[in-house]
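This report refers to the structure that appears directly beneath it.
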Amino acid sequence: MSHVDQTTESNSEHTPAETAESQVEVVTDHNHKLYIETVGCQMNMLDSELVVADLRKRGYELTQNVKEAETILFNTCSVREHAEHKIYSSLGRLRYGARKNPKKVIGVMGCMAQKDQKLIFQKAPQVDFVVGTGQLAQVSSLIDKARVNHSQNVRSRELAVGLGRKDGKLAEITNSFQSYDPLRDPEMRPSPYQAFVRIMIGCDKFCSYCVVPSTRGPEQSRSPREILSEVNVLADQGVKEVTLLGQTVNSYKHTQDGKLYRLSDLLYQIHDVEGINRIKFVTSYPKDMTTDLLEAIRDLPKATRYLHVPLQHGCNDVLKVMKRGYTVEDYREMMQRVNEILPGCSVSSDFIVGHPGETEESHQLSLESIREFRFKNSFIFKYSERPGTKAAERFKDEIPDEVKKRRNNEMLAVQNQISEEDNAEFIGKQVEVLVEGPSKSAQKAIEESLAEQLVGRSNCDRIVVFDGNPRLAGSLTRVEIFDVTPTTLIGGIVTKEFQHNPGSSLPILQ
Ligand code: SAH
Ligand code: SF4
Ligand code: F3S
């Protein structure tokens, strides 16, 4: 069967509502099985949830089996080259199937779609449409369009991406999120009791290595009114824990009815929502960790004592090349306030190894910073040159991969040691766990009714595993810790009798 190439672009005038199926003849002769693969950060996980919610309303059902799906979506990430390679190899595997079954529609969405646009069609000609980070509301009509085209033997090439920053129309890249976020899909969440809530989009920090400001557009905060109504809907659906999302979530600012709301104000408001027991937020930017925010966490029992505040590097010279906008001394000052106002609060970080400008001495300073700040855990990444970023323009990616690998391993070893030491402090103590359900390793055993190992997180975001009844999922349960690994606390449920025993002198940690 021959296909005619046809590229149409729908990247400007239409609002998402106008591009609905009214303009497209809907072809119903397909199996409505949807396969979606998501890589990247929590923003992408949330975006996938919204797209699936929209498609479910239109009769689609999810499948894990890409072979049986006639609608296939990839939600992509551009933050490192590796994430892009992964998507191209997944797409490559579909080439033959797509040629054989003309009912198959393949779409690429997310950050890579926003960044590479038509290049994706060149590299993966089996792709029917590419849709940017701000145009997700158009996904269903793009699927319909592709199907109509296929039925007429036309291989469609639809590109729906907002204009980027360079085009001068800053809001364009993000125009659909206000109306799109309230769509939710419980099955796409980390667990039925946990949900992400986007409170802002985009980023204006422009760290020199990072592609996100161009894939996600300018920083914009949502109104507290919209956020609260979304949290209320989630609470009604049984969600117990919300994680507020933003690339620099603590930079949140929105003026509503003449009043300026910061993240601390938002925490107070969300705290009043009945049914929500825990509130988290990621990712924080060190310079915006204001005292009012730390005090709000101190004063609000539902706010978790956990902060993800990436330091990225322990050497001021590298931080300067990265254009992070702070020094190690600034970070230390922030940590002092965190420890003073929120004793026992755990802090996690991201690090980049092998960034241009990193010497052996500066790498040692990164190791030292893990020892000094005792992060709960760190996500460590090898520098990946991203075309279009300031770092790619100005510096050569000169550090050999073996050196990056070795430095990465050294960082991991130091972090593991610190994590294990700090986890060991929990032995003999109790933590309150929001139970997520059966732990992954126990899933199979449970199916065979052999054991019932549950997993959840403590208030300070540590993973806790313990034996218990799966009906505890969604509840807050007290667990006493008897063993640890660098990543996990292992414990047993504290029984009611034990809790009320006046003789018990076990300290209760957060
Ligand atoms: N907004 C968040 C992080 C977003 S990207 C923040 O500022 O902290 C997630 C992580 O990917 C970053 O924290 C950084 O450590 C890493 N990262 C971003 N660009 C990278 C690159 N070009 N190479 C390697 N790691 C990168
Ligand atoms: Fe990227 Fe920096 Fe923005 Fe984080 S703060 S998303 S690292 S530019
Ligand atoms: Fe990746 Fe985009 Fe998130 S580049 S890390 S999916 S914002």
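As the structure lists them, so they are numbered: ligands from 1, and atoms in each ligand from 1.
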Exercise for review: Verify the neighbour count for atom NZ of Lys205: are there more than 12 heavy atoms of other residues, nucleotides or ligands below 6.0 Å?
Suggested key: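 Yes, because the 6.0 Å sphere around NZ of Lys205 holds more than 12 heavy atoms from other groups.
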Check your understanding: Which residue from Ile352, Val212, Asp350 reaches closest to atom 13 (O) of ligand 1 through any of its heavy atoms?
Key ->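 When every heavy atom of Ile352, Val212, Asp350 is considered, Asp350 comes closest to atom 13 (O) of ligand 1.
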Any nitrogen or oxygen of [X], side chain or backbone, less than 3.5 Å from one on ligand 1?
X      : result
Gln312 : yes
Ser384 : yes
Arg80  : yes
Arg386 : no
Thr283 : no

Check your understanding: Looking at Phe381, does the NZ or CZ of Arg80 lie under 6.0 angstrom from its six-membered ring centre and within 45 degrees of the ring axis?
Key ->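 Judged by the rule (NZ or CZ under 6.0 Å from the ring centre, within 45° of its axis), Arg80 counts as positioned above Phe381.
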Practice item. Validate the cation-pi geometry between Lys376 and Tyr306: distance from NZ or CZ to the six-membered ring centre under 6.0 Å, angle to the ring axis within 45°. Key: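 Output yes; distance and angle both within limits.
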What atoms of ligand 1 come closer than 4.0 angstrom to any heavy atom of [X]?
X      : answer
Tyr383 : 23 (N), 24 (C)
Pro310 : 8 (O)
Arg324 : 7 (O)

Can you pull out the closest protein heavy atom to [atom]? Residue, atom name and distance to 0.1 Å, please.
atom                    : result
atom 5 (S) of ligand 1  : Val79 CG2, 3.8 Å
atom 7 (S) of ligand 2  : Tyr209 OH, 3.3 Å
atom 24 (C) of ligand 1 : Lys382 O, 3.3 Å
atom 1 (Fe) of ligand 3 : Cys77 SG, 2.3 Å

Review point. Hey, which protein N/O/S atoms does atom 2 (Fe) of ligand 2 have under 2.8 Å?
Key: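 Near atom 2 (Fe) of ligand 2, the protein supplies Cys207 SG.
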Review point. Does the shortest distance from atom 2 (Fe) of ligand 3 to an N/O/S atom of Cys41 fall below 2.8 Å?
Key: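 Here the distance criterion (N, O or S atom, under 2.8 Å) is not met by Cys41, so no.
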Exercise for review: Report yes or no: does a heavy atom of His308 sit under 4.0 Å from some atom of ligand 1?
Suggested key: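 For ligand 1, residue contact (heavy atoms, under 4.0 Å) with His308 is absent.
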Check your understanding: Should Arg371 and Glu368 be marked as a salt bridge (Lys or Arg N to Asp or Glu O under 4.0 Å) after you check the CA-CA gap, both sets of side-chain angles, and the distance that decides it?
Key -> CA-CA 5 Å; Arg371 294 189 193 102; Glu368 195 41 53; 3.2 Å; yes
